[in-house]
Amino acid sequence: MKKIIASNFKTNHTRKSTKEFIDEVNNYLLESDIDNDVLIFPASSSFDTFETKENLTIGAQNAYHAKNGSYTGELGTIHLDEFGIKTILIGHSERRHILGESQKDVALKYNYYKALGYKIVYCFGEPLEVKQAGLTETLGYIWEQFDGIDLNYDNLILAYEPVWAIGTGVSATTEDIATIHKKIKKKIDKPLLYGGSVKVCTLQDILEVPNVDGVLVGTASWIVDDFKKMIYIANKMDANSKQIKCNIEGEK
Ligand code: 13P
């Protein structure tokens, strides 16, 4: 399976810079003929009818579990439909921990978007104190984040994002990632991404970890040249051509 490369813009990039970013990535995919799946989750104020190559998908970082209605500050599916958006991130730790979404809220949203056939990138991961308590506690915490979630859903991508690695610059080690991904894959046969301080220069090592099907990147993906490098590295690795790491200048 080809590696999946996803960028979560979070609360970054304006409408103008988002369009420039997406156009540049799209042109890169067209020129290079790279066919890895690439996903970009911009801020909702930047949604537009982007003309993108088949393997470049624009998704929503969040939306409410309603078509429309009185939910001040939320988006409904009419707002996603307007731009043909059929992909959504659900369960991101920033929504769970900063915006206070409970597992019940997350499951409600999941089931709503599942019923509509959306591609769902479902995020889960443990905070530092849980990791420090040990592997059993970590796995127990993760399984609770699957409460109410149909893991047999066809259009599901999972993303393991340990909370302590998100936005901290400290990625999980490849050993940590290998351990968790193996446990998850044993029970759930779905594409499984890793997210949490992935950088251009750590990408290859992470993608080489067994059971890692791709990455969901925040900070390091917001510079378009770096995001393009990540796509390039993922593609080269699939072709199994050589060790590239981050020495990719002049390779294009
Ligand atoms: P960072 O890459 O900034 O750690 O963010 C990861 C993430 O939360 C992606 O959804």
Side-chain angles (χ1 to χ4, degrees), residues 3-13 17-18 21-22 25 36-44 46 56-63 85 87-101 105-106 109-110 113 118-128 130-131 138 141-142 145-146 149 156-174 176-177 180-181 184 190-207 209 212-231 233-234 246:
K3 304 290 185 192
I4 299 165
I5 301 291
S7 170
N8 177 4
F9 277 15
K10 309 190 178 185
T11 317
N12 297 281
H13 277 296
S17 67
T18 296
F21 187 106
I22 291 172
V25 171
N36 295 65
D37 279 332
V38 176
L39 290 89
I40 299 176
F41 295 89
S44 55
S46 304
L56 173 56
T57 302
I58 309 303
Q61 293 176 24
N62 180 48
I85 290 173
T87 299
I88 187 165
L89 270 185
I90 295 180
H92 193 280
S93 78
E94 286 152 12
R95 296 216 53 88
R96 293 178 190 266
H97 299 292
I98 302 175
L99 284 309
E101 281 186 15
D105 299 328
V106 169
K109 195 175 291 190
Y110 183 93
Y113 284 94
Y118 274 63
K119 183 189 289 277
I120 297 175
V121 178
Y122 186 73
C123 306
F124 59 92
E126 80 289 359
L128 185 60
V130 175
K131 178 190 164 45
T138 299
Y141 187 94
I142 288 173
Q145 291 184 319
F146 295 139
I149 304 298
L156 170 63
I157 296 177
L158 295 172
Y160 171 54
E161 298 208 309
V163 179
W164 47 273
I166 296 178
T168 58
V170 183
S171 169
T173 63
T174 49
D176 285 332
I177 300 170
I180 302 295
H181 276 236
I184 303 291
K190 294 290 169 189
L192 178 55
L193 315 183
Y194 167 76
S197 295
V198 175
K199 307 270 178 261
V200 174
C201 289
T202 58
L203 178 67
Q204 183 172 352
D205 286 341
I206 291 171
L207 289 179
V209 173
V212 171
D213 299 310
V215 285
L216 174 56
V217 191
T219 316
S221 69
W222 300 334
I223 296 171
V224 70
D225 283 344
D226 287 348
F227 190 56
K228 287 192 309 189
K229 281 181 195 165
M230 291 183 176
I231 296 169
I233 289 170
C246 36

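When a ligand or atom number is given, it counts from 1 through the structure's own listing order. For the single chain, residues carry numbers from 1 onward in sequence order. Quick note: numbers below take in every heavy atom, side chains included, and nothing from hydrogens, waters or symmetry partners. Here the structure is a predicted model, which means the values were calculated and not measured.
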In this structure, atom 5 (O) of ligand 1 is nearest to the protein heavy atom K10 NZ, 3.0 Å
request  = Examine the side chains of H92 and E161 and answer whether a donor and an acceptor come within less than 3.5 Å of each other.
outcome  = yes
The protein heavy atom nearest to atom 3 (O) of ligand 1 is T219 OG1, 2.5 Å
So, is N8 polar-close to ligand 1, with some N/O to N/O distance under 3.5 Å?
yes
In ligand 1, the atoms that come under 4.0 Å of a heavy atom of S197 are 1 (P), 2 (O), 4 (O)
Any T18 side-chain heavy atom under 4.5 Å of F9 side chain
yes
Note: ligand 1 atoms sitting under 4.0 Å from heavy atoms of L216 are 9 (C), 10 (O)
Notebook entry, point to check: Do H13 and S17 have side-chain atoms, one donor and one acceptor, less than 3.5 Å apart?
Noted result: yes
| field | Residue pair E126 / I180, side-chain heavy-atom distance below 4.5 Å | value | no
* If we only count heavy atoms from C-beta on, is the Y160 to I184 side-chain gap below 4.5 Å? -> no
shortest atom 9 (C) of ligand 1-to-protein heavy-atom contact is with E161 OE2, 2.9 Å
For L192 and A159, the nearest pair of non-hydrogen atoms, with its separation, is CD1-N, 4.4 Å
In terms of its nearest heavy atom to atom 4 (O) of ligand 1, the top option of G169, G167, G218, P162 is G167
Atoms of ligand 1 under 4.0 Å from any heavy atom of G196, numbered from 1 in the order shown, are 4 (O), 6 (C)
If we number the atoms of ligand 1 from 1 as shown, the ones under 4.0 Å from a heavy atom of A165 are 4 (O)
Q: Dump the intermediate steps for side chain to side chain donor-acceptor pair (under 3.5 Å) on D205 and T202, then the final yes or no.
A: CA-CA 6 Å; D205 286 341; T202 58; over 6 Å; no
